[in-house]
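Okay, so here's the structure we're looking at.
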Number of protein chains: 2
Amino acid sequence: MKSGKTGGAARGGSIQSLDRAFSILEEIARHEHGLGLVELSRAVDLHTSTVHHLCKTLLSLGYLSQSESGKRYRIGRGVFALASSCADEIELARTARPFLAELSKSTGESAHFAVWAGNQVLILERAYSDSAFQMNERAGMLRPAHCTAIGKALLSGLEPAALDERLDEMTLTPHAPNTIVDKEQLRREIERIRADGVAYDDSEYNEEARCIAAPVRDFRNRVVGAIGFSGPVWRVSLSDLNKYSALTREKSRSLSLALGWRE
Amino acid sequence: MKSGKTGGAARGGSIQSLDRAFSILEEIARHEHGLGLVELSRAVDLHTSTVHHLCKTLLSLGYLSQSESGKRYRIGRGVFALASSCADEIELARTARPFLAELSKSTGESAHFAVWAGNQVLILERAYSDSAFQMNERAGMLRPAHCTAIGKALLSGLEPAALDERLDEMTLTPHAPNTIVDKEQLRREIERIRADGVAYDDSEYNEEARCIAAPVRDFRNRVVGAIGFSGPVWRVSLSDLNKYSALTREKSRSLSLALGWRE
DNA sequence: TTATTATTTCGACAATATGAAAACTAACAA
DNA sequence: TTGTTAGTTTTCATATTGTCGAAATAATAA
């Protein structure tokens with residue numbers, strides 16, 4: 001087609017090649033053992049040639065690496081170097097670590113500390129339990145907010161105006177039988193959490209998991225994260241959730257205090 | 001309009017906008033407290049308008065964030081999420097941590113564990129000493145290879161062919177009075193390190209610092225990193241360097257064993 | 001207020017990223 | 001061996017896209 005009125009880069013707001021490059025990085029990050037060029041192109045829905053150019057650039061910049069044997073792409077050390085300047089996040093994770101360890105020890109399940117990353121929830125730090133079955137969640141993973149305990153705990157910490165904005169931007173995709181897909185219902189649930197101090201997830205994200213979480217505040221009295229734990233439904237019953245709510249509330253309180261929160 | 005033979009993206013091999021976007025990210029990462037648009041444009045030598053478009057895109061993707069108060073750009077949590085899939089690096093850092101702590105404790109100086117990142121050296125993990133003056137080095141920082149102890153230790157672990165290649169690609173930029181700027185001299189020094197098992201840096205990178213480092217091997221008997229410590233010249237004398245060489249060698253050995261190295 | 005400095009938007013242009021196709025490799029059967 | 005298939009890399013013509021100048025807007029300072 002003719003150029004017509006296809007103006008500057010400000011069109012969709014985004015620079016295409018950047019958009020694409022990062023979707024490539026995200027796709028690769030999602031795969032434990034890396035990805036080959038063709039798999040990758042299929043996953044991000046771009047021609048191999050295009051993906052190849054982008055990857056070659058990322059490779060030369062050190063933000064991708066290639067497994068010596070095959071040609072599979074993996075995340076490069078450049079990303080690691082960049083990430084180390086997320087000083088606040090690293091500090092938060094470090095502070096949360098001992099509390100997560102306690103929570104995990106007391107419950108026998110794995111514990112998580114999460115923060116906002118856009119409209120999603122980023123798991124900043126996690127403590128592993130020593131049971132054989134572990135939730136498949138690692139630090140660095142992104143989760144939806146509306147159907148996870150940590151996500152709902154974070155939502156409960158938003159100012160009314162910010163909450164409205166968030167909810168408008170969010171799509172309540174169903175992930176498991178109990179996912180809340182109605183905004184009004186979610187709103188009521190958030191009210192409940194605000195009053196109760198604890199959020200639950202009873203098979204809302206993963207059919208086989210139940211979780212609890214509570215918001216964590218900093219010295220400015222603002223909710224900066226959420227702490228909680230999750231376990232398989234056959235180990236964590238609904239009454240367990242209730243039983244552990246006080247403990248979760250207490251850990252969130254201790255962590256908040258460690259972050260300078262008072263009263 | 002000399003479009004002439006200005007062909008595809010494969011020209012310089014690199015995609016310009018990606019190149020620029022990452023130089024922006026790197027520049028921001030370099031500044032503890034973020035950067036404003038104009039400072040940023042000056043630093044990367046691009047028009048504010050261009051930088052603005054790039055930053056807007058990075059912002060919307062979550063790889064940059066803006067300090068709530070001002071408009072300073074900082075690294076976003078997206079980078080953190082990506083970095084967490086550098087599983088190998090994280091595992092390496094975790095393994096090194098206790099040995100770094102011991103090294104730091106015994107010497108009273110800060111200790112580092114570093115790996116290759118392209119032709120530079122990436123500090124993967126560091127242990128702080130409790131002295132008032134600390135080297136200004138954090139995990140995630142990049143250092144040149146030819147004038148740092150960890151860098152030279154890593155160089156000493158390369159196969160002859162790989163070493164030749166590396167040296168060809170490297171420019172021996174002087175950083176301090178004793179920086180080795182002659183490739184033949186560097187080659188001899190690397191020979192020495194290979195025989196001795198320890199690399200020194202006597203004011204080669206920073207006039208005020210001395211360091212020692214030793215290569216670390218994994219189960220495949222390949223050098224995967226280097227461990228060492230550094231301190232200010234007024235605390236670490238040349239004879240201290242000698243005194244601590246055995247200790248450094250020993251720590252590198254223990255860490256190697258922890259990584260599965262045998263014999 | 002005005003002056004100054006920083007951020008954001010606009011729009012024309014051409015340099016640049018794109019994708020089709022073809023060349024090249026590697027792996028594997030027959 | 002040779003042929004077949006799947007994956008990777010290079011080439012190249014083209015229009016799309018990023019770029020930059022300039023001007024508008026916003027924020028600070030004097």
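No hydrogens, no waters, no symmetry mates; every other heavy atom, side chains included, goes into these values. Naming: A, B, ... by sequence-line order, numbering from 1 per chain. These figures come from a predicted structure and were not determined experimentally.
Close to D:dT16, at under 4.0 Å from its OP1 or OP2, lies no side-chain N or O of A:Gln16. Contact check, A:Arg20 against C:dT18: a side-chain N or O comes under 4.0 Å of OP1 or OP2. Between A:Thr50 and the phosphate of C:dG19, there is a side-chain N or O to OP1/OP2 separation shorter than 4.0 Å. Residue A:Lys56 has a polar side-chain atom (N or O) positioned under 4.0 Å from OP1 or OP2 of D:dT10. Regarding contacts with the backbone of C:dT8, a side-chain N or O of B:His52 is found under 4.0 angstrom from either OP1 or OP2.
Listed by residue number, B:Gly36, B:Leu37, B:Val38 are the residues of residues 23-41 of chain B with a heavy-atom contact under 4.0 Å to DNA chain C.
At most 12 heavy atoms of other shown residues, nucleotides or ligands fall within 6.0 angstrom of atom CD in B:Glu159.
Remark: the backbone N or O of B:Thr173 is paired with a side-chain donor or acceptor of B:His146 at under 3.5 angstrom.
A donor and an acceptor atom, one from each side chain of B:Arg126 and B:Ser110, are located under 3.5 Å apart.
Comparing A:Ser49 and B:Leu46 against DNA chain D, the residue whose closest nucleotide sits nearer the 5' end is A:Ser49.
At whole-Å resolution of the value, CG in B:Asp19 and C1' in C:dT16 are 13 Å apart. Atom-to-atom, NZ of B:Lys71 to C1' of D:dT25 comes out at 11 Å; the value is rounded to the nearest Å. To the nearest angstrom, C1' of C:dA26 lies 15 Å from CZ of A:Arg72. Protein atom OH of B:Tyr73 is 7 Å distant from nucleotide atom P of C:dT7, rounded to whole Å. The NE2 atom of B:His53 sits 8 Å away from the C1' atom of C:dT9 (whole-angstrom rounding). Rounded to an integer number of Å, the gap from A:Leu54 CG to D:dT17 P is 13 Å.
Checking D:dT19, D:dT9, C:dG19 against every side-chain atom of A:Ile15, the shortest atom distance belongs to D:dT19. Considering only side-chain atoms of A:Ser17, the nucleotide from D:dT10, C:dT18, D:dT19 that sits closest is C:dT18.
Listed by first and then second residue, the salt bridge (Lys or Arg N to Asp or Glu O under 4.0 Å) pairs that reach into residues 26-47 of chain B are B:Glu27-B:Arg30, B:Glu39-B:Arg72, sequence neighbours excluded. Residue pairs satisfying the salt bridge (Lys or Arg N to Asp or Glu O under 4.0 Å) criterion with at least one member in residues 78-91 of chain A, sequence neighbours excluded, are listed as follows: A:Glu89-B:Arg77, A:Glu91-A:Arg94.
Using a 30° and 60° split on the angle between ring planes, A:Tyr205 and A:His175 fall in the tilted class, from 30° to 60°.
Two residues are said to be in side-chain contact when any heavy atoms from C-beta on lie closer than 4.5 Å; A:Leu186 and A:Lys152 meet this criterion.
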